[in-house]
Protein chains: 2
Amino acid sequence: MKIQELADRMGLTIHTIRYYEKEGLLDDRHVRRESNNYRNYSEEAVERLKLVKKFQSIGCSLAELKGVLQDLDNNARTNQQIIDWIRGKKKEIESKKEEYDQMLDILNKMLEYRTLLMEDPIKAQEMLKTWHAGSSD
Amino acid sequence: MKIQELADRMGLTIHTIRYYEKEGLLDDRHVRRESNNYRNYSEEAVERLKLVKKFQSIGCSLAELKGVLQDLDNNARTNQQIIDWIRGKKKEIESKKEEYDQMLDILNKMLEYRTLLMEDPIKAQEMLKTWHAGSSD
DNA sequence: GCTTGCCCTAGAGTTCACTTCATAGTTTAT
DNA sequence: ATAAACTATGAAGTGAACTCTAGGGCAAGC
């Protein structure tokens, strides 16, 4: 498949895909060149880019991703190193999820207040007071 | 309190704090100038920066944050607009959390496989096969 | 055969969120 | 009184991840 098709399928621009290749996130299992020098992508490229997007969505930098993917590809690290990396990542993600939960709490309170403000502004005022009494951070 | 003290308390650099001010995240409730032109921060500045950090940690850009904070400050938007914004943010966070959960699943599988690989490589091989049979994305 | 459209490369430009620098005024300690 | 330490400003620099441009090669339709 040619680059534009892959870009459409993945929701990326052709620039981004070429950029990823330059950054070492794709290798010859994913891209080959046709006789006219056009890039030709395999289905594996789709899977690879899905993985890239997934990791990226949880805050992996491209550099980190590159390391991980290459290590998985060619077993550059020992199994123990990989296990350690996975454990570290899991912790990161779990604490990130906690932050998100805290943020959801904040938003829920805000929403509660704002909704009440539309229905019963006086009660909303009271709500504010109880918050200010008991919130310190 | 002067800038270095605030920086220490918040775990930020003085540069970052001045930068935030320049970007409109702090106003005269948070910073005033002394006669010598030094910035003098109130306790509210601490709360404000905590809020900034919180929003930032869930992926808000400073620009978005500026809009939100200013709107909350001076009621620039209608209550309904704010409610809509909160609902939108909640959805964003919830779908982000789902992504994190998916990622945790992936990591857990990887961990399971890698652990087994150390204890019983043959079983690990079998594990790989069952995955490849049933995974498409 | 010529236009239109997709492909190539190398490199410059952009945005975000800082970070560093140059230069200078102020305060504090010795 | 002078040095060290803190403050100020404006502007330039950084790194990540794109994004765009210039200048060119191939390919498909009329």
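Each chain gets a letter, A, B and so on, in the order its sequence line appears, and its residues count up from 1.
Listed by chain and residue number, nothing satisfies the salt bridge (Lys or Arg N to Asp or Glu O under 4.0 Å) test with B:D84 (two or more places apart in sequence, or in another chain). Every residue meeting the side-chain contact (heavy atoms from CB on, under 4.5 Å) condition with B:D120, not counting sequence neighbours, appears here in chain and number order: B:L116, B:I122, B:K123. Partners of B:E112 under the salt bridge (Lys or Arg N to Asp or Glu O under 4.0 Å) rule, at least two apart in sequence or in another chain, do not exist in this structure. Residues meeting the salt bridge (Lys or Arg N to Asp or Glu O under 4.0 Å) test with B:R77, sequence neighbours left out: B:D71. When the salt bridge (Lys or Arg N to Asp or Glu O under 4.0 Å) test is applied to B:R48, the partners found at least two apart in sequence or on another chain are B:D73. Considering only residues two or more places apart in sequence or on other chains, B:L51 meets the side-chain contact (heavy atoms from CB on, under 4.5 Å) condition with B:F55, B:L69.
Applying the ring-ring contact (aromatic ring centres under 6.0 Å, His included) rule to pairs touching residues 62-112 of chain B yields A:Y100-B:Y100, sequence neighbours excluded. Sorted by first and then second residue, the ring-ring contact (aromatic ring centres under 6.0 Å, His included) pairs with a member in residues 16-38 of chain A form an empty list; sequence neighbours excluded. Here salt bridge (Lys or Arg N to Asp or Glu O under 4.0 Å) pairs that include residues 4-14 of chain A, with residues two or more places apart or in two chains, are A:R9-A:E43.
Counting any heavy atom pair closer than 4.0 Å across all strands shown, B:I14 reaches no nucleic acid atom.
With 3.5 Å as the limit, one finds no donor-acceptor pair spanning the side chains of A:R32 and A:N40.
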For nucleotides 15-21 of chain D, 5' to 3', base contacts (B), sugar-phosphate-only contacts (S) and non-contacts (-) with protein non-hydrogen atoms under 4.0 Å give --BB-BB
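The footprint of chain B on DNA chain C, defined by a heavy-atom cutoff below 4.0 Å, extends from C:dA17 to C:dT27.
Residues from residues 30-44 of chain A that place a heavy atom under 4.0 Å from any atom of DNA chain C, listed by number: A:R33, A:N37, A:Y38, A:R39.
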